[in-house]
2 protein chains.
Amino acid sequence: MDPKQFQIETNSDPNPSTDVYHLALDIGGSLAKLVYFTKDDHFVDGEAEISPRKTSDKSKDNSRNHPVIKGRLNFKKFETSKINDCIDFIKTMKLHLGGSQQQENPGSQPISIKATGGGSYKYADLFKERLGIILDKEDEMDCLVAGSNFLLEVVDREAFTYMNDQRQFMQIDQNDLYPYLLVNIGSGVGMIKVEGDGKFERVSGTSIGGGTFWGLGKLLTKCKSFDELLELSYQGNNRAVDMLVGDIYGGMDYAKIGLSSTAIASSFGKAMSDSKEREDYKPEDIARSLLRMISNNIGQISYLNALRFGLKRIFFGGFFIRRHPFTMDTLSVAVNFWSKGEAKAMFLRHEGFLGAVGAFMSSDKHGLKELLVKQETQQIPTKLSFAVDKMHWPLDGELNGEESIECNVYVT
Amino acid sequence: MDPKQFQIETNSDPNPSTDVYHLALDIGGSLAKLVYFTKDDHFVDGEAEISPRKTSDKSKDNSRNHPVIKGRLNFKKFETSKINDCIDFIKTMKLHLGGSQQQENPGSQPISIKATGGGSYKYADLFKERLGIILDKEDEMDCLVAGSNFLLEVVDREAFTYMNDQRQFMQIDQNDLYPYLLVNIGSGVGMIKVEGDGKFERVSGTSIGGGTFWGLGKLLTKCKSFDELLELSYQGNNRAVDMLVGDIYGGMDYAKIGLSSTAIASSFGKAMSDSKEREDYKPEDIARSLLRMISNNIGQISYLNALRFGLKRIFFGGFFIRRHPFTMDTLSVAVNFWSKGEAKAMFLRHEGFLGAVGAFMSSDKHGLKELLVKQETQQIPTKLSFAVDKMHWPLDGELNGEESIECNVYVT
């Protein structure tokens with residue numbers, strides 16, 4: 001049966017804007033992140049014999065009798081400096097049209113789409129101009145936390161640890177999730193103490209983040225992209241650039257204060273040397289040193305804040321990490337070292353999409369009503385619950401960070 | 001009356017090495033620091049009618065009847081990479097001879113000189129070879145703390161705050177000095193919780209220090225020295241290189257989390273831009289951004305550690321600062337910002353000489369006995385007290401960081 005598209009008035013405005021919630025945006029300093037819902041075309045009404053594993057709306061009982069839409073949450077990112085590419089994508093995929101025949105209803109209100117991040121302010125006019133949509137701005141911290149909580153509570157094996165080259169997925173009990181420290185590493189770094197749904201405080205941050213890595217990396221090497229710089233760091237040896245304890249102590253440890261001879265005393269300290277110029281240093285060594293310096297620093301400040309608030313788990317999000325083993329290892333080792341094993345570093349599969357997911361979740365309506373199968377009911381649905389069934393991740397499969405998530409939509 | 005030079009046996013070794021304590025060294029990753037005592041030639045025995053303001057040996061009563069030597073503590077530094085220049089200086093000034101006719105006593109034991117820092121291990125053989133002296137190694141942390149405590153307790157107006165372009169000297173009561181956090185910014189950074197004389201713990205540190213500033217600065221600009229890079233930073237505008245909150249938020253503040261539009265969101269974040277290459281950025285802007293990034297970071301980590309241990313005062317030492325107003329201002333603002341005014345950043349006049357002063361103080365003997373005026377006494381002096389009278393600093397004078405300190409030596 002073909003979906004019927006219709007608008008539902010859920011407030012008292014005579015002509016509410018058509019809220020499209022199957023697309024949400026998080027436009028940051030370097031990356032614009034999209035989360036959008038696509039309907040599964042093979043779904044037939046009545047087959048909804050699936051009990052949801054988890055639901056984002058815990059207070060409702062979702063029985064089998066409720067119609068359901070099956071589909072997927074999809075993830076995509078663009079460079080913010082190429083925001084027009086992002087807009088082109090939205091236009092091509094018609095994501096902004098929300099399923100309604102917007103083109104055939106020229107008199108209807110402009111669609112508004114949930115958006116967060118600074119770019120939701122900075123590019124508001126551009127989106128209006130090119131797509132005719134209004135960016136309905138949600139607070140960045142609200143969205144990061146909502147997205148993080150959602151993914152951690154609802155998606156199986158969203159979180160994992162990484163130590164000694166081993167990735168270990170963690171299934172976290174909802175009752176055991178809070179409080180935690182969320183460290184979002186984007187262009188800059190935000191650190192948020194999360195105590196529950198909607199209950200959080202941004203406690204710290206640092207300006208030494210992904211933007212620093214890429215910015216300094218671009219100045220120091222010939223790399224053309226963040227990924228290229230990251231790739232280069234794989235081959236590097238930071239000891240060619242960093243000054244180690246052993247370099248100062250003639251090859252020895254400084255055992256009294258627990259610093260081995262291989263501990264870094266001064267990042268880029270060897271580059272002080274008169275005998276070499278920039279061209280004499282290998283770009284891969286510089287890349288490695290940069291990555292180590294920035295990751296160590298984030299790990300240390302994260303730990304000091306976790307300690308400050310008695311938090312045992314630190315979840316690292318944001319697109320700085322990109323599952324890069326060296327980065328995850330450095331962060332994990334830093335947290336482990338500074339906390340003497342008390343605190344744990346954890347990573348999120350959908351690391352950089354927390355804000356976009358949070359923005360997506362930021363309304364009960366979701367805008368998915370427009371995709372509802374026609375039903376005969378006296379009650380007009382006013383609330384949607386968004387539930388995600390367990391997805392069968394391939395256990396050894398490579399994660400590319402943009403895996404879509406199967407989900408069902410329930411009407412209550 | 002000419003000083004009589006003699007050796008005093010103060011231990012049971014049959015042929016103790018001649019300990020020379022009017023020279024001490026602290027050889028670090030980038031700088032070798034010297035502290036040495038020079039006798040005031042105009043002093044006449046019996047004129048010692050001066051009551052010491054403070055003494056390093058609080059348990060003894062230094063009355064006027066004790067002979068005294070007047071002289072000065074002198075300070076000098078060299079680049080560790082040019083350690084031979086340092087050795088040449090010592091040789092020229094005959095500092096290593098300790099006043100005894102070493103040259104005329106070829107059979108006597110080699111002189112040992114107090115030394116600390118990693119270089120006291122790394123260059124031990126070189127000093128033996130070129131000067132015939134043994135470096136008597138003292139622990140670096142012991143010396144930093146001893147030197148800091150001595151200078152803070154004994155030297156008038158050693159410490160000062162720096163806020164809003166205003167330098168304010170602080171006279172700190174001995175009873176009010178402890179505990180404090182000592183942050184020594186050399187090539188790398190050490191953070192020490194100090195609770196009393198000889199009572200301390202190295203609680204933290206960071207590899208992002210002076211060596212990082214100079215190392216990265218050298219790679220990114222054409223500067224030939226640390227001082228040149230620092231000088232360059234005076235003229236720079238970091239906003240050309242850093243990504244500010246306003247750059248992400250379209251010119252606006254992110255008021256909800258207390259970040260103004262001019263706050264730095266991402267250090268070097270603007271350098272991510274595709275449209276510019278390294279040559280398009282001004283070296284002074286890069287220098288400024290580097291300095292701001294590193295100083296802010298040190299301020300933040302210092303504050304987090306002061307908070308952790310309930311410490312209200314943070315003393316910054318080491319040669320990174322060099323009285324550079326922008327550096328002191330950034331450190332002060334960072335500490336003030338993060339602590340919401342609870343903690344105070346303070347600076348030390350003899351910032352980079354803490355370790356050398358501590359090494360100098362690390363023996364009761366001081367080796368100054370050899371400069372004692374001949375006296376007729378049945379008791380061989382076994383202990384020297386080192387006292388520093390108040391020096392009359394010119395109130396508005398420019399401090400060059402290497403001002404010598406007048407001091408008197410008392411025998412008990």
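Lettering follows sequence order; numbering is per chain, from 1.
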Trainee: For the residue pair A:Lys276 and A:Tyr281, would you count it as a cation-pi contact if the rule is NZ or CZ under 6.0 angstrom from the ring centre and within 45 degrees of the ring axis?
Mentor: yes
Trainee: Counting heavy-atom pairs under 4.5 Å to chain A, which of B:Gly190, B:Ser204, B:Ser120 comes out on top?
Mentor: B:Ser204
Trainee: Counting only heavy atoms closer than 4.5 Å, note whether B:Leu307 contacts chain A via side chain, backbone, both or neither.
Mentor: side chain
Trainee: Assess whether side-chain contact (heavy atoms from CB on, under 4.5 Å) is satisfied between A:Ile301 and B:Ile301, documenting all intermediate values.
Mentor: CA-CA 7 Å; A:Ile301 297 176; B:Ile301 296 176; 4.0 Å; yes
Trainee: Given heavy-atom pairs under 4.5 angstrom as the criterion, report whether the side chain, backbone, both or neither of A:Leu290 touches chain B.
Mentor: neither
Trainee: Given heavy-atom pairs under 4.5 angstrom as the criterion, report whether the side chain, backbone, both or neither of B:Asn305 touches chain A.
Mentor: side chain
Trainee: Under a 4.5 Å heavy-atom cutoff, which of A:Ser266, A:Ser273, A:Ser187 has the most pairs with chain B?
Mentor: A:Ser266
Trainee: Is chain A contacted by the side chain of B:Met243, its backbone, both, or neither, given a heavy-atom distance below 4.5 Å?
Mentor: side chain
Trainee: Does the ring of A:Tyr121 carry A:Lys137 above it, NZ/CZ under 6.0 angstrom from centre and within 45° of its axis?
Mentor: yes
Trainee: Determine the option with the most heavy-atom pairs under 4.5 angstrom with chain B, choosing from A:Gly205, A:Gly251, A:Ala263, A:Gly246.
Mentor: A:Gly205
Trainee: Sort out for me which of B:Ser275, B:Ala271, B:Gly210 touches chain A most, counting heavy-atom pairs under 4.5 Å.
Mentor: B:Ala271
Trainee: Taking 4.0 angstrom as the limit, do A:Asp142 and B:Lys256 come out as a salt bridge?
Mentor: yes
Trainee: Show, in sequence, the C-alpha distance, side-chain angles and deciding distance for B:Gln300 and B:Leu304, and conclude whether the side-chain contact (heavy atoms from CB on, under 4.5 Å) test is met.
Mentor: CA-CA 6 Å; B:Gln300 182 181 13; B:Leu304 284 168; 4.2 Å; yes
Trainee: At a heavy-atom separation under 4.5 Å, does B:Glu140 approach chain A through its side chain, its backbone, both, or neither?
Mentor: both
Trainee: Look at B:Ser267, B:Gly188, B:Gly215 and state which one has the largest set of heavy-atom pairs under 4.5 Å with chain A.
Mentor: B:Ser267
Trainee: Heavy-atom pairs under 4.5 Å with chain A: which of B:Glu277, B:Met252, B:Glu279 has the most?
Mentor: B:Met252
Trainee: Would you call B:Arg322-B:Asp227 a salt bridge at under 4.0 Å N-O?
Mentor: yes
Trainee: With the side chain counted from C-beta on, respond yes when A:Arg239 and A:Thr262 share a heavy-atom pair under 4.5 Å apart, and no when they do not.
Mentor: yes
Trainee: What residue in B:Gly117, B:Gly209, B:Gly258, B:Gly217 has the most heavy-atom pairs under 4.5 Å with chain A?
Mentor: B:Gly117
Trainee: Heavy-atom cut-off 4.5 Å, strictly under: side chain, backbone, both or neither for A:Lys82 against chain B?
Mentor: side chain
Trainee: So which part of A:Tyr254 gets closer than 4.5 Å to some heavy atom of chain B, the side chain, the backbone, both or neither?
Mentor: side chain
Trainee: Hey, does the side chain of B:Ser289 reach the backbone of B:Asn238 with a donor-acceptor pair shorter than 3.5 angstrom?
Mentor: no
Trainee: Sort out for me which of B:Lys224, B:Arg278, B:Glu201, B:Lys122 touches chain A most, counting heavy-atom pairs under 4.5 Å.
Mentor: B:Arg278
Trainee: Please rank A:Gly186, A:Gly250, A:Gly211 by heavy-atom pairs under 4.5 Å with chain B and give me the top one.
Mentor: A:Gly211
Trainee: Centre of B:Phe326's six-membered ring, under 6.0 Å away, within 45 degrees of the axis: is that where NZ or CZ of B:Arg288 sits?
Mentor: yes
Trainee: Using ring centroids (six-membered ring only for Trp), state whether B:Phe319 and B:Phe226 fall under 6.0 Å.
Mentor: no
Trainee: For the pair B:Val189 and B:Met191, evaluate side-chain contact (heavy atoms from CB on, under 4.5 Å) and give the outcome as yes or no after the intermediate values.
Mentor: CA-CA 7 Å; B:Val189 186; B:Met191 298 184 187; 4.0 Å; yes
Trainee: Which region of A:Lys270, side chain (C-beta onward) or backbone (N, CA, C, O), has a non-hydrogen atom less than 4.5 Å from a non-hydrogen atom of chain B, or is it both or neither?
Mentor: neither
